[in-house]
Protein chains: 2
Amino acid sequence: MDLTGVKELLATNFDLHMQDETHYIEAFTHSSFVNENRNLDLKDNERIEFLGDAVLELVVSNYLYRNYPEMDEGKMSSLRALIVREESLSKRAVECGFDQFVRLGNGEEASNGRKRPSLLCDLFESVLGAIYLDLGLDAIEHFMSLTIYPKIKNGEFMRQSDAKTALQEELQKDGAIQLAYELIKEEGPAHEKRFEVAVRLYDEIIGRGVGHSKKSAEQAAAANALEMLKK
Amino acid sequence: MDLTGVKELLATNFDLHMQDETHYIEAFTHSSFVNENRNLDLKDNERIEFLGDAVLELVVSNYLYRNYPEMDEGKMSSLRALIVREESLSKRAVECGFDQFVRLGNGEEASNGRKRPSLLCDLFESVLGAIYLDLGLDAIEHFMSLTIYPKIKNGEFMRQSDAKTALQEELQKDGAIQLAYELIKEEGPAHEKRFEVAVRLYDEIIGRGVGHSKKSAEQAAAANALEMLKK
């Protein structure tokens, strides 16, 4: 695979200077390409995406922890879910220009895979995995400071929508749906209440959350469902 | 809070030399203690646990990625769920001796909170958060190399049980239960099949997973349910 374009993109736009090409080859190879070229014995990007997902989770958690000392765990959790959800990361992949370089199988290409949000979201996380392996966590922090942190800072994810709204939007892409939030448990004395809420899509519980108020438990349940949908 | 004991424990057993006490005070303070001492304006460990959870997820993912190059994403995902599940981390908290130092409210203490797995699991992650903030990722790697990595290496989590067995064990703590795995979708050509499986506890779907075989999709669904249970 010729990585000249990727190398230039990373250097010019992000001041990141690729050292070990193998990680990027892995990141920019979709499973559909591997399946159509079995003779080449290639690796697809599923493993490196698994790693990139964890890298992203850490740096976003760390950013929220350090910059919002007054934000409670439930709110950090919903905000993180909004930042790393498929709809958000697939946009970032396109903004960064990663979509133009991913290798797809012909079938995937023909069915417009290059624009598919789940593929783009996985690609974004895969590239993070490659940068992490190649250049380490400082390079990731630098990349984040040019891409996602400014959006957090200017309140894009907070303004945009809360976790309940985001979950509703995410699910109704495939047609109208109805979500129900159910109080599962309420315990503790008045000054120390703990609520547990489940969010149900018809007969399925798709998320659970706890909080010190019913409202925050609902947000946590929605955030949990968003996270699970992504996996 | 007097941290002499914690400081000695970390130095003697893990060669970790505490620099900034504030993170450890946060990590060793349970919400029940804060609630019973409102006048002291303390922070409980929920925020730092949120961070520690992400730290743990990254270092375990990184370890699996680097040491098991042949393991596919689905298998890494189930293995990670087994390593970071409540039952596993609560044991680690006791093995490390963290349980003796956590500050609890009187009510929590009286109801045996110091032995409660969910409290101990949160505590373990909180301490990881504190070590990360105080001493960085290298210190975390060192700590992991003395605690969790050797257990992964000698196959404890692989031998012990697969994700399906672990899920069964986790749920039947509160009495006998019955889990059912249902094939939701099967698609793709023979060499590129994709299975989607849901795991159901009576009328509720509690986890979902995909894989290239039915078996691996079931493991992924069980791992997904384990993750959801933890949150």
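Below, all heavy atoms of this structure are taken into account, side chains as well, without hydrogens, waters or symmetry copies.
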When rounded to the nearest 0.5 angstrom, what distance separates CG in B/Asp53 from OG in A/Ser77?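 Between B/Asp53 CG and A/Ser77 OG, I get 9.0 Å after rounding to 0.5 Å.
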
How long is the straight-line distance from CZ of A/Phe50 back to CE of B/Met76, given to the nearest 0.5 Å?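 Going from CE on B/Met76 over to CZ on A/Phe50, the span is 5.0 Å.
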
Return yes when atom [atom1] of [X] has more than 12 non-hydrogen atoms of other residues, nucleotides or ligands closer than 6.0 Å, and no otherwise.
| X | atom1 | result |
| --- | --- | --- |
| B/Gln178 | CD | no |
| B/Lys153 | NZ | no |
| A/Asp138 | CG | no |

Given heavy-atom pairs under 4.5 angstrom as the criterion, report whether the side chain, backbone, both or neither of A/Leu56 touches chain B.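 Neither; nothing under 4.5 Å.
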
Where does A/Glu36 contact chain B at under 4.5 Å (heavy atoms): side chain, backbone, both or neither?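 For A/Glu36, neither part sits under 4.5 Å from chain B.
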
Which atom of B/Tyr132 lies closest to which atom of A/Leu58, heavy atoms considered: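 For B/Tyr132 versus A/Leu58, the nearest heavy atoms are OH-CD2, 4.1 Å.
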
Of the non-hydrogen atoms in B/Tyr65 and A/Arg47, which two are nearest, and what is the gap between them?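 Closest pair (atom of B/Tyr65, atom of A/Arg47, distance): O-NH2, 3.2 Å.
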
Heavy-atom pairs under 4.5 Å with chain A - which of B/Gly209, B/Ser31, B/Gly129, B/Ser61 has more of them than the others?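 Top option by heavy-atom pairs under 4.5 Å: B/Ser61.
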
Counting heavy-atom pairs under 4.5 Å to chain A, which of B/Met71, B/Glu49, B/Lys43 comes out on top?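 When all of B/Met71, B/Glu49, B/Lys43 are compared, B/Met71 has the most.
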
B/Glu227 and A/Glu227: CA distance, side-chain angles, deciding distance, side-chain contact (heavy atoms from CB on, under 4.5 Å) verdict: CA-CA 11 Å; B/Glu227 273 182 68; A/Glu227 271 182 67; over 6 Å; no

With heavy-atom distances below 4.5 Å as the criterion, would you say the side chains of [X] and [Y] are in contact?
| X | Y | value |
| --- | --- | --- |
| B/Ile205 | A/Ile205 | no |
| A/Leu51 | B/Asn62 | yes |
| B/His212 | A/Glu46 | yes |
| B/Arg66 | A/Leu133 | yes |

Salt bridge flag under 4.0 Å for residues B/Glu204 and A/Arg208: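 Result for this pair is yes, salt bridge flagged.
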
